[in-house]
Amino acid sequence: MTIFRSDFLHVLNERGFIHQSTHMEALDEAAANGVVTGYIGFDATADSLHAGSLIQIMMLYWLQQTGHKPIALMGGGTTKIGDPSGKDTQRKMLSAADIDQNIEGIKRAFDPFLTFGEGASDAIMVNNDEWLSQLGYVDFLRDFGVHFTINRMLTFDSVKLRLEREQPMTFLEFNYMLMQAYDFYELNERYGCTLQMGGSDQWGNIVNGVELCRRVAAVEGEKARDVIGLTTPLLTTSSGKKMGKTESGAVWLNADRLSPYDYWQYWRNTEDADVGLMLRRFTTLPMDEVRRLEALEGAEINEAKKVLATEVTALLHGRNAAQRAADTAKQTFEQGGAAGDLPSVDVSTTALAEGVPLLDPFTELGLIASKSEGRRHIKGNALKVNDKPLGEERPLSPDDVVDGQIKLSVGKKKHGLVKVVG
């Protein structure tokens with residue numbers, strides 16, 4: 001087992017965050033002897049990040065908790081191009097207004113994790129549109145394009161895999177890695193940033209940034225810049241599913257996109273084999289407690305899952321919201337009730353008297369992805385109204401109302417409420 005001098009790398013290592021680094025020993029020395037400024041970029045492709053971005057947010061969290069300075073870089077400029085990494089087709093082009101709106105939504109995810117301010121280790125948030133949109137194309141190519149070779153760029157996975165699958169890559173997308181590399185140069189110039197972090201799929205882009213900073217320094221007759229790249233492992237579950245995705249869609253971090261209860265449920269449903277890894281990466285529990293919980297077996301592993309769900313939810317939404325979610329789940333699953341914090345939709349008494357199509361509220365609540373999926377659940381006796389399986393598709397009616405509401409369920413884990421109003 002690697003032994004690190006710095007608290008930063010020691011914590012990342014024991015919690016399973018480290019995949020590879022361009023200069024691991026230099027990073028360890030720098031983090032042990034002073035304050036390291038590091039950044040991660042987040043493109044604004046939606047108005048919320050999802051759980052797949054949580055590993056990057058936690059890296060920034062631990063960077064700050066161990067005495068260093070995090071930069072959350074909003075990709076206002078790079079989103080105009082689109083990262084081709086892991087994609088077979090070009091991303092949808094967004095307007096400047098859409099990107100700005102998305103950034104405002106994304107910002108909210110960082111407040112529970114980072115302390116922003118003017119101090120040496122206080123986090124800052126910047127937008128790469130500040131410099132990317134000001135670049136003159138010819139000047140940029142002359143000053144920075146000379147440091148990139150097509151030969152090398154073709155070897156990076158983001159390009160190579162797309163070409164191997166015979167999927168076209170536009171020249172616009174091909175420029176993405178130049179833009180990201182320039183981000184590192186600009187952050188180094190403006191803020192003394194010496195560390196870029198990201199997922200393992202960003203390795204090629206990160207290496208480009210490190211090399212650009214060093215080559216520009218060499219051309220200008222300066223000492224080689226001590227810039228470093230660090231990546232995390234690819235985040236998938238033990239069954240091979242991509243982290244942060246479910247059959248119903250993305251596991252959003254913003255509460256207006258996904259309720260704290262549904263967020264809690266996502267983590268409660270973690271696969272048995274992944275509980276230890278999730279506790280290490282996505283909670284701040286002491287490692288002794290993590291090791292105790294991940295050693296539980298059989299039915300006891302469910303207790304570890306509840307702790308995981310509550311701790312992860314508390315980090316993002318606060319301890320009170322996490323406890324309410326846990327209490328709601330206990331009442332729903334263990335006591336057979338219909339807790340008020342379940343996701344809900346309102347239906348008028350008039351509409352209910354006329355008959356509400358059964359699958360409409362199931363779809364609206366996100367309990368099913370489509371009506372065809374709902375009909376398959378009916379055939380399998382998995383779709384329930386007030387905990388009773390339905391053998392056929394029929395409208396909801398006033399006869400289904402219990403204490404002013406109707407409980408809807410799919411299987412044992414997905415629940416919601418239809419609340420009768422008016």
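All heavy atoms count here, side chains included; hydrogens, waters and symmetry mates do not.
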*Do you see a donor-acceptor pair shorter than 3.5 Å between the side chains of Thr78 and Asp43?*
yes
*Counting only heavy atoms not in Glu130, do more than 12 sit closer than 6.0 Å to its CD atom?*
yes
*For Asp274, what residues pass the salt bridge (Lys or Arg N to Asp or Glu O under 4.0 Å) criterion, not counting sequence neighbours?*
none
*Name all residues meeting the ring pair (Phe, Tyr, Trp, His ring centres under 6.0 Å) criterion together with His317; count only those two or more places apart in sequence or in a different chain, and write none if there are none.*
Tyr263
*Strictly by modelled atom types, are Asp47 and Asn102 linked by a side-chain donor-acceptor pair under 3.5 Å?*
no
Name each donor-acceptor pair under 3.5 Å that joins a side chain in residues 58-66 to protein atoms two or more places apart or in another chain, with its distance.
{"residue": "Gln64", "atom": "OE1", "partner": "Thr115", "partner atom": "N", "Å": "2.9"}
{"residue": "Gln64", "atom": "NE2", "partner": "Thr115", "partner atom": "O", "Å": "2.9"}
{"residue": "Gln64", "atom": "NE2", "partner": "Ser121", "partner atom": "O", "Å": "2.8"}
{"residue": "Thr66", "atom": "OG1", "partner": "Trp62", "partner atom": "O", "Å": "2.7"}
{"residue": "Thr66", "atom": "OG1", "partner": "Leu63", "partner atom": "O", "Å": "3.2"}

_Residues which pass ring pair (Phe, Tyr, Trp, His ring centres under 6.0 Å) with Phe110, listed by chain and number, not counting sequence neighbours_ = Phe42
*With side chains defined as the heavy atoms from C-beta onward, is the minimum distance between Asp262 and Trp252 less than 4.5 Å?*
no
Output side-chain donor-acceptor pairs under 3.5 Å for residues 281-288, partner residues at least two apart or in another chain, one line each.
{"residue": "Arg281", "atom": "NE", "partner": "Gly16", "partner atom": "O", "Å": "2.9"}
{"residue": "Arg281", "atom": "NH2", "partner": "Gly16", "partner atom": "O", "Å": "2.9"}
{"residue": "Thr283", "atom": "OG1", "partner": "Leu279", "partner atom": "O", "Å": "2.7"}
{"residue": "Thr283", "atom": "OG1", "partner": "Leu285", "partner atom": "N", "Å": "3.3"}
{"residue": "Asp288", "atom": "OD1", "partner": "Arg291", "partner atom": "NH2", "Å": "3.0"}

*asked:* Within a 6.0 Å radius of atom CD on Glu29, are there more than 12 heavy atoms belonging to other residues, nucleotides or ligands?
replied: no
_My understanding is that only residues two or more places apart in sequence, or in another chain, count here; which of them pass salt bridge (Lys or Arg N to Asp or Glu O under 4.0 Å) with Asp400?_
Arg394
*Please collect all ring pair (Phe, Tyr, Trp, His ring centres under 6.0 Å) contacts where either partner lies in residues 346-370, sequence neighbours excluded, each pair once.*
none
_Less than 6.0 angstrom separating the ring centers of Tyr185 and Phe144, yes or no?_
yes
*CD/Gln101: more than 12 non-hydrogen atoms of other groups inside 6.0 Å*: no
*Return yes if some donor-acceptor pair links the side-chain N/O of Lys69 with the main-chain N/O of Asp122 below 3.5 Å, else return no.*
yes
*asked:* Measuring from atom CG of Leu296 to atom CZ of Arg292, what distance do you get when rounded to the nearest 0.5 angstrom?
replied: 6.0 Å
_salt bridge (Lys or Arg N to Asp or Glu O under 4.0 Å) against Asp111, all qualifying residues, sequence neighbours excluded_ = none
*Answer yes when Lys379 and Glu392 have at least one side-chain N-carboxylate O distance shorter than 4.0 Å, and no when they do not.*
no
*So, does Asn127 use its side chain to make a donor-acceptor pair with the main chain of Asp129 at under 3.5 Å?*
yes
*What residue among Leu359, Val420, Val385 forms side chain to side chain contact (heavy atoms under 4.5 Å, CB included) with Leu396?*
Val385
*Thinking salt bridges, do Arg375 and Glu393 make one under a 4.0 Å N-O criterion?*
yes
*Report the C-alpha separation of Gln180 and Gln196 in whole Å, then their side-chain angles, then the decisive distance to 0.1 Å, and conclude whether the side-chain hydrogen bond (donor to acceptor under 3.5 Å, both in side chains) test is met.*
CA-CA 10 Å; Gln180 185 169 327; Gln196 180 182 178; 2.9 Å; yes
*Considering residues at least two apart in sequence or located in another chain, which fulfil the side chain to side chain contact (heavy atoms under 4.5 Å, CB included) criterion with His19?*
Ser200, Thr231, Pro233
*So, Asn128 side chain and Asp183 main chain: donor-acceptor pair closer than 3.5 Å or not?*
no
*asked:* Has Lys305 got a side-chain atom pairing as donor or acceptor with Thr270's backbone, closer than 3.5 angstrom?
replied: yes
_Partner set under side chain to side chain donor-acceptor pair (under 3.5 Å) for Ser370, not counting sequence neighbours_ = Ser372
*With distance as the sole test, does Ser409 use its side chain to make a donor-acceptor pair with the main-chain N or O of Gly411 at under 3.5 Å?*
no
*Non-neighbouring partners of Thr310 that pass side chain to side chain donor-acceptor pair (under 3.5 Å), sequence neighbours left out*: Trp264
*With distance as the sole test, does Asn269 use its side chain to make a donor-acceptor pair with the main-chain N or O of Gln265 at under 3.5 Å?*
yes
_Tell me every residue that passes salt bridge (Lys or Arg N to Asp or Glu O under 4.0 Å) with Lys371, counting only those two or more places apart in sequence or in another chain._
Asp360
